[in-house]
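Encoded as structure tokens, the structure appears first; notes follow it.
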Amino acid sequence: QKEVEQDPGPLSVPEGAIVSLNCTYSNSAFQYFMWYRQYSRKGPELLMYTYSSGNKEDGRFTAQVDKSSKYISLFIRDSQPSDSATYLCAITTSYGKLTFGQGTILTVHP
Amino acid sequence: DTGVSQDPRHKITKRGQNVTFRCDPISEHNRLYWYRQTLGQGPEFLTYFQNEAQLEKSRLLSDRFSAERPKGSFSTLEIQRTEQGDSAMYLCASSLLWRGQVYGYTFGSGTRLTV
């Protein structure tokens with residue numbers, strides 16, 4: 001079993017939809033939780049990070065962490081075609097070495 | 001541009017050749033990381049440095065791989081006797097460790113290796 005599981009999709013939604021992306025993890029020692037966005041042939045770009053259970057909001061993005069269920073989510077409101085990318089969850093124990101999910105490919109069509 | 005810079009962007013080599021990649025981190029950052037990413041997968045950790053000290057290496061980093069960060073600034077990743085299975089995107093990231101917290105975990109655009 002992988003330490004971090006992420007549904008690879010692909011996920012296709014119409015513009016304006018709410019997108020939900022999810023990861024589960026197995027190691028309860030994980031403390032820091034991040035979401036990255038990666039466009040084709042580019043490096044990952046940090047979108048959100050959090051270290052506690054609950055919600056964190058930044059513009060159209062909301063990160064949610066449930067440590068009791070070992071489950072993290074990223075919600076994108078009012079999705080735009082420019083949000084089309086691969087979304088990666090990344091988790092770490094000491095904010096050093098990151099363990100990534102497989103990535104979910106998202107397409108937002110006009 | 002004050003981001004993480006990687007060079008070259010793309011390297012094509014023949015099996016058995018040696019290759020070297022360079023990473024220039026964000027200047028204020030004292031931690032530097034190397035990851036490898038294959039198609040359809042998330043990045044996998046290879047190694048990381050705090051200043052010039054290499055603190056952790058993954059089992060993925062076979063003895064054909066060596067990484068250095070000689071003066072705590074830029075880093076190089078060398079692969080000797082390349083194999084087809086080494087074909088991947090090699091990503092560098094940097095961050096600042098300050099008072100026990102890590103800030104600004106930023107990735108470069110990567111070096112794509114084709115063997």
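Remember, predicted model here, so these are calculated numbers, not experimental data. Below, read A as the first sequence line, B as the second, and so on, with proteins coming before strands; counting in each chain starts at 1.
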TODO: Check each atom of B:Glu56 against the heavy atoms of chain A and say whether the ones under 4.5 Å are side chain, backbone, both or neither.
DONE: side chain

Task: Expected output: side-chain B:Tyr105 to main-chain A:Gly96 donor-acceptor under 3.5 Å - done: yes

Task: Atom CD of B:Glu68 with >12 non-hydrogen neighbours under 6.0 angstrom - done: no

- [ ] Take atom OH of A:Tyr51 as the centre, draw a 6.0 Å sphere, and report whether it contains more than 12 heavy atoms from other residues, nucleotides or ligands.
- [x] no

TODO: Kindly work out whether a path of hydrophobic side-chain contacts (I/L/V/M/F/W/Y, heavy atoms less than 4.5 Å apart) joins B:Tyr90 to B:Val19.
DONE: yes

Task: Region of A:Tyr36 in contact with chain B, defined by heavy-atom distances below 4.5 Å - done: side chain

Task: Verify same cluster id: A:Tyr25, A:Met48 (apolar side-chain graph, 4.5 Å) - done: yes

Task: Top of B:Gln37, B:Glu44, B:Gln50 for chain A proximity - count of heavy-atom pairs under 4.5 angstrom - done: B:Gln37

- [ ] Group every Ile, Leu, Val, Met, Phe, Trp and Tyr by side-chain heavy-atom contacts under 4.5 Å, then state whether A:Phe100 and A:Val4 land in the same group.
- [x] no

Open item on the list: How close do B:Gly42 and A:Leu88 get, counting heavy atoms only, and between which atoms?
Closed with: CA-CD2, 3.8 Å

Task: Heavy-atom donor-acceptor pair, A:Tyr49 side chain to B:Tyr103 backbone, under 3.5 Å - done: no

Open item on the list: Looking at A:Lys56, I want to see if its NZ is surrounded by more than 12 non-hydrogen atoms of other residues, nucleotides or ligands under 6.0 Å.
Closed with: yes

TODO: Mark yes when over 12 heavy atoms from residues, nucleotides or ligands other than A:Lys67 sit less than 6.0 Å from its NZ; otherwise mark no.
DONE: yes

Task: A:Gln38, part contacting chain B, at a heavy-atom distance under 4.5 Å - done: side chain

Open item on the list: Are A:Leu21 and A:Phe33 connected into the same hydrophobic cluster when the rule is that any two of I, L, V, M, F, W, Y join if their side-chain heavy atoms are below 4.5 Å apart?
Closed with: yes

- [ ] Could you pull out the closest heavy-atom pair between A:Leu98 and B:Tyr35, with the gap in Å?
- [x] N-OH, 2.9 Å

Task: Heavy-atom contact with chain B under 4.5 Å, split by part of A:Pro44 - done: both

Open item on the list: Taking every non-hydrogen pair under 4.5 Å, which of B:Gly110, B:Ser58, B:Ser109 racks up the most with chain A?
Closed with: B:Ser109

Open item on the list: If you compare all heavy atoms of B:Arg112 against all heavy atoms of A:Arg41, which two are closest, and at what distance to 0.1 Å?
Closed with: NE-NH1, 2.9 Å

